[in-house]
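Working notes for the structure below.
Quick note: numbers below take in every heavy atom, side chains included, and nothing from hydrogens, waters or symmetry partners.
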Amino acid sequence: MNRKSSSGLFLMEMIVAVFFFMLCASTCILAFAKSDHMSRLAKDSNNAVSAAQTVVEIWKAEDMEGLTKRMEMYPYGTGDPQTLYGIYWDKNWNPVPEEYAGKMEVTYYGTLRLSGGDGELEQMEVVIGYYADLMRSSAPGNPLFTLEASRYVLGQD
């Protein structure tokens with residue numbers, strides 16, 4: 001009565017099969033997580049493009065006064081004339097006034113830099129990015145979108 005048991009071999013095959021399926025499942029989970037991140041980044045980039053184009057169109061049509069009223073834009077930095085402005089947006093891309101930036105959840109920021117002026121070509125650079133990246137002083141990260149625009153300003157005679 002010398003019977004050999006094959007249960008040890010079966011157990012080893014089951015362990016190898018489970019390990020193989022766990023490896024495949026982890027690869028799929030990583031791929032899904034990366035695709036979700038890429039989808040969110042694409043959505044944020046598209047919204048940033050739209051926001052930058054909106055800022056430029058308002059600037060071309062209504063000048064800085066229109067931007068200040070419509071976009072809750074605020075000046076920052078020093079300079080005469082003022083050339084640096086900022087805008088905050090919440091997660092739904094609604095402008096947030098500067099005084100509420102610490103109290104409300106700000107998700108995105110925009111900076112506007114003007115150059116040129118009276119009687120010449122005026123230029124604006126709009127940079128939009130994540131607010132969390134702006135607050136990170138050591139490595140601010142890349143902006144979502146940058147747009148440069150220009151318009152001709154008639155001289156005030």
Test log, rule side chain to side chain contact (heavy atoms under 4.5 Å, CB included), inputs V49 and L144: CA-CA 8 Å; V49 168; L144 284 170; over 6 Å; no
Verdict with reasoning, E13 to L9, per side chain to side chain contact (heavy atoms under 4.5 Å, CB included): CA-CA 6 Å; E13 288 175 349; L9 183 61; 4.2 Å; yes
Full working for side chain to side chain contact (heavy atoms under 4.5 Å, CB included) between L114 and Y85: CA-CA 9 Å; L114 292 173; Y85 296 89; 3.8 Å; yes
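Panel note: side chain T107, backbone K91; a donor-acceptor pair is recorded below 3.5 Å. Within the 3.5 Å criterion, the main-chain N or O of M64 finds a donor-acceptor partner in the side chain of T68. Without hydrogens or angle criteria, S50 side chain to N46 main chain gives no donor-acceptor distance under 3.5 Å. D63 places no side-chain N or O within donor-acceptor distance of the main-chain N or O of E65, the cut-off being under 3.5 Å.
Taking CE from M12 and CD1 from I15, the interatomic distance works out to 6.0 Å, rounded to the nearest 0.5 Å. The structure places OH of Y131 at 13.0 Å from CG of D90, a figure rounded to the nearest 0.5 Å. The distance from the OG1 atom of T83 to the CZ atom of R113 is 7.0 Å, given to the nearest 0.5 Å. Put simply, CD on E62 and CG on L67 are 8.0 Å apart, with the number rounded to the nearest 0.5 Å.
Heavy atoms only, all atoms of each residue included: A48 and F145 are closest at CB-CB, 4.0 Å. Considering every non-hydrogen atom in both A52 and I128, the closest pair reads N-CD1, 3.5 Å. Minimum interatomic distance between R70 and P95 (heavy atoms only, all atoms of both residues): O-CG, 4.2 Å.
Atom CZ of R151 sits in a crowded spot, with more than 12 heavy atoms from other residues, nucleotides or ligands closer than 6.0 Å. Taking a 6.0 Å sphere around NZ of K60, one finds it holds more than 12 heavy atoms contributed by other residues, nucleotides or ligands.
Here the side chains of E125 and L112 are not in contact, with every heavy-atom distance at 4.5 Å or above. You'll find the side chain of V126 stays beyond 4.5 Å of the side chain of T146, heavy atoms only. Taking 4.5 Å as the limit, some side-chain heavy atom of Q123 sits within range of a side-chain heavy atom of L121. Counting heavy atoms from C-beta on, the side chains of I58 and M71 come closer than 4.5 Å. V55 places a side-chain heavy atom less than 4.5 Å from the side chain of M124.
Looking only at atom types and distance, the side chain of D44 has a donor-acceptor partner in the side chain of Y108 under 3.5 Å away. A side-chain donor from one of Y88 and Y74 sits under 3.5 Å from a side-chain acceptor of the other.
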